[in-house]
S.K.: 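This is the structure, below, for whatever I ask next.
By convention in this document, chain letters (A, B, ...) are assigned in the order of the sequence lines, proteins followed by strands, and residues within each chain are numbered from 1. This structure is a prediction, so every number in the text was calculated from the model and none was measured. Values below: every heavy atom of this structure, side chains too, minus hydrogens, waters and symmetry copies.
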Amino acid sequence: VKPWLAATIAMFTVAFVPSALLDARAQRAEASESSVKAAFLYKFANYIEWPPAAFATPASPMVIGVVGADEIGAELDRIVPGRAVNGHPVSVKRVREGDPLRGIHLLFIGKGQGSLAQLLRSAQGQSVLTVTETDRGLEMGSAINFVPAGERIAFEVSLEAAEKSGHRISSRMLSVARRVLGKSS
Amino acid sequence: MIALVARSLRLKVLLLVMATTAAALTLSAIGLVIYDLRAYERQWTNDLGTQAELLARTSAAALSFGDRETTAKDLAVLRVRPRVMAAAIYTRDGDLFATYTKPNRTNEVFPARPESDGYRIEGDELLMYRTVVEGNEPIGTIYLRALYLPWDRLRDYLGILAAVMVASFGVAALLSGWLQKRVTQPILDVTGIAREVMAHRDYSLRARKTTDDEIGELVDSFNAMLAEAGRRAEALREADRRKDEFLATLAHELRNPLAPIRNALEILRMPESNPAMREKARQMMERQLAQMVRLVDDLLDVSRITTGKLGIRKSVVEVQAAVRDAIDTVRPFVESRNHQLEVQLPSQPISVEGDRTRMAQVFANLLHNAAKYTEPGGYITLSLAREGDEAVVRVRDNGLGLAPESLVAIFDMFVQVDRSLERAQAGLGVGLTLSRQLVTLHGGTLAARSDGIGKGSEFTVRLPLAGATLPEIDVATPRGRGTQSRRILLADDNTDFANSLAAVLTSRGHDVRVARDGAEALATAARFTPDFAFLDIGMPKVHGYEVARRLRELPAMAECVLVAVTGWGQEDDRNRAREAGFDRHLVKPVAAEDIDTILDSF
């Protein structure tokens with residue numbers, strides 16, 4: 001074995017392998033983040049008490065609307081089929097800005113969505129519970145907001161916003177929330 | 001210890017009570033412990049299951065949203081359950097998500113993967129798994145490990161049981177003490193009385209009755225037994241006394257005739273005595289001898305009564321004949337006392353079934369008593385009458401009479417009303433006992449009646465009439481061949497008796513041989529070939545039955561008349577004699593006249 005060849009291989013190894021590994025890890029973290037958030041969205045439904053008028057019948061679907069988050073939408077499409085919350089089959093609906101929010105129970109507004117404030121107001125008026133993933137999302141009027149917590153995803157809850165849209169959030173879920181904004185009163 | 005228990009009723013009772021108590025307590029304790037162990041398991045698993053369920057609900061959200069800290073905080077609630085050693089929550093994929101360990105414990109090892117729902121007891125630990133559900137979806141598993149210590153409870157139980165056992169034994173001891181007072185003490189009292197009675201022969205002692213239960217019955221029975229034993233002892237003493245008196249009387253009575261007989265013998269020996277004197281002496285000897293024979297006959301009858309061997313030969317008998325026999329017997333005595341005897345017999349024959357000789361004996365005895373207990377010159381009547389289907393014989397006198405209390409006692413053995421009188425009049429005091437016995441054997445009754453002392457007495461014999469009045473057949477009617485000479489063998493170990501009898505028979509022209517025992521009898525018979533053989537049954541060497549059997553086997557002896565001579569006239573003896581080949585049977589003592597009768601009948 002020639003020393004120089006060994007040295008060269010060692011150099012390449014030191015220079016490229018770590019960067020390749022880091023890349024792969026970043027990609028996986030992103031994918032994992034989307035799937036976690038999608039799972040959370042679906043799970044939130046278990047801990048939310050909907051207004052009486054939200055469902056026409058006990059078997060009416062529970063619709064999760066997604067706007068500005070294609071990856072999470074795709075992930076939801078993957079996990080939702082065949083699942084139900086309190087007897088309501090869960091379905092996913094892609095929403096664009098300006099679309100009517102009628103029939104949607106839970107609306108996730110992704111990072112990529114520009115007119116956040118307007119969407120939030122509109123959703124609040126139509127008894128739709130909103131979930132965002134923005135800094136200060138709750139302050140902008142969102143009921144639930146994803147926040148990073150180290151390697152995990154956490155969430156925070158605004159009781160005020162939830163109440164405005166006519167929802168009650170289970171205390172068990174609140175016990176897990178990173179931050180809970182109290183009611184306005 | 002065992003010997004002690006075997007001897008003490010109290011210890012037995014105590015042991016019984018304690019054994020029963022211990023058995024009952026142990027059994028109930030085993031039952032309770034089994035029940036409690038099961039109840040403990042059920043209760044504890046329910047309890048832990050509830051806890052697991054609560055934790056599952058509480059921590060579902062935290063698990064669901066991946067919040068380890070919150071989950072751990074939820075689990076930390078278990079601090080208030082000191083028996084829970086460790087707990088953990090696994091994710092749906094089976095990875096350990098959050099754990100709890102009891103404070104101050106380290107090195108807790110959690111199962112790598114959860115098991116399916118349920119619980120399991122491992123040593124002194126209870127392991128429980130329960131699925132955490134969100135909505136309808138299982139999202140993980142909760143694991144609890146808790147101490148499972150039924151043995152503590154068991155120990156408590158055994159402690160309580162021991163305390164109860166000790167208390168029960170105490171109660172048992174008290175109970176047995178009480179029982180001892182109620183049961184053993186009365187028994188010991190009875191035993192004590194029994195000992196005292198044995199020691200002092202005092203049958204008047206009585207055990208005290210304290211209860212009405214079985215012990216009370218025992219005491220009653222014991223007292224009744226004492227009374228009976230007392231009566232028996234008294235009766236024995238009385239019988240003993242009577243026998244002593246009887247023996248004294250007997251000796252006296254047997255001795256009395258001997259003096260006149262000796263005197264008579266002296267007169268006979270005297271050369272200067274004339275024929276008239278000799279005849280007088282001879283008559284005196286005959287009278288005295290007759291008196292002795294009567295005494296000894298009575299004595300034999302007494303022993304037959306006491307051994308139950310007095311028997312009668314039944315045939316149809318005319319009562320008049322028996323009465324005449326009796327009068328013949330007693331007339332000399334009655335006349336010697338200058339009594340007037342009046343006899344009233346119906347001309348119509350009255351027949352009963354019975355033994356003429358024995359019946360005559362009864363009537364003679366009654367007449368003899370009447371003559372004896374009436375001052376000389378008295379008046380005696382005997383009447384026979386038919387009353388209903390009974391023949392009634394009454395013997396009346398105007399003599400001493402009887403006190404009312406004596407009316408029953410006179411029939412007892414050896415009783416004489418007036419012993420001072422008895423001294424003068426002779427007798428053994430067995431006559432009435434014998435008479436009543438004989439009448440009873442005939443199916444009749446004998447009763448006494450008197451108006452009191454000095455007012456005479458009346459004895460009444462009642463005998464059932466025979467079914468038909470058949471004439472008496474006297475089998476012993478002489479055939480009138482009295483003068484014929486016979487060849488006679490007498491076998492008896494009493495040689496005086498045999499020789500004297502032989503002398504009498506020889507004097508009447510018979511050819512007589514004497515044998516002293518069975519063997520000699522056989523030898524003599526073979527040589528002598530007698531016409532008649534009188535064989536004593538109780539002979540030495542070969543007894544009479546055997547001699548008879550062997551004689552019958554000899555061809556020369558085929559025609560010989562065999563006569564058995566026994567002490568007892570029992571039916572059994574007669575049968576046995578017949579079977580042995582005897583033709584006739586005589587009861588001792590044998591008189592020359594008895595032999596004449598038999599010789600004449602062949």
S.K.: Working note: B/Ser64 + A/Tyr47, criterion side chain to side chain contact (heavy atoms under 4.5 Å, CB included); need CA distance, chi angles, decisive distance, verdict.
M.R.: CA-CA 11 Å; B/Ser64 185; A/Tyr47 298 95; 4.1 Å; yes

S.K.: Examine whether an atom of B/Thr58 lies under 4.5 Å from a heavy atom of chain A, and if so say whether it belongs to the side chain, the backbone or both; otherwise answer neither.
M.R.: backbone

S.K.: Atom OH in A/Tyr42, atom CD in B/Glu134: separation rounded to 0.5 Å?
M.R.: 7.5 Å

S.K.: When you look at CZ of B/Arg83, are more than 12 heavy atoms from neighbouring residues, nucleotides or ligands closer to it than 6.0 Å?
M.R.: yes

S.K.: Check whether A/Asn46 gets within reach of chain B through its side chain, its backbone, both or neither, counting any heavy atom under 4.5 Å.
M.R.: side chain

S.K.: With a 4.0 Å cut-off on N to O distance, would you call B/Glu69 and A/Arg152 a salt bridge?
M.R.: yes

S.K.: If every non-hydrogen atom of A/Val176 is compared with every non-hydrogen atom of B/Thr70, which pair is closest and at what distance?
M.R.: CA-OG1, 4.2 Å

S.K.: The criterion is ring-ring contact (aromatic ring centres under 6.0 Å, His included); which residues satisfy it with B/Tyr157, sequence neighbours excluded?
M.R.: none

S.K.: Does B/Asp156 CG have over 12 foreign heavy atoms under 6.0 Å away?
M.R.: yes

S.K.: Kindly check if the number of other-residue, nucleotide or ligand heavy atoms within 6.0 Å of NZ (B/Lys73) is above 12?
M.R.: no

S.K.: Say whether, by atom type as modelled, one donor and one acceptor occur between the side chain of A/Lys43 and the main chain of B/Phe65 under 3.5 angstrom.
M.R.: no

S.K.: Kindly check if the number of other-residue, nucleotide or ligand heavy atoms within 6.0 Å of CG (B/Asp213) is above 12?
M.R.: yes

S.K.: Need one label for A/Phe44: side chain, backbone, both or neither, based on atoms under 4.5 Å from any heavy atom in chain B.
M.R.: both

S.K.: A quick test of your reading: do over 12 heavy atoms of other residues, nucleotides or ligands sit less than 6.0 Å from CZ of A/Arg94?
M.R.: yes

S.K.: Taking atom NZ as the centre, does B/Lys209 end up with more than 12 heavy-atom neighbours from other residues, nucleotides or ligands that are less than 6.0 angstrom away?
M.R.: yes

S.K.: Closer than 3.5 angstrom, by distance alone: can the side chain of A/Arg172 be matched with the main-chain N or O of B/Arg57 as a donor-acceptor pair?
M.R.: yes

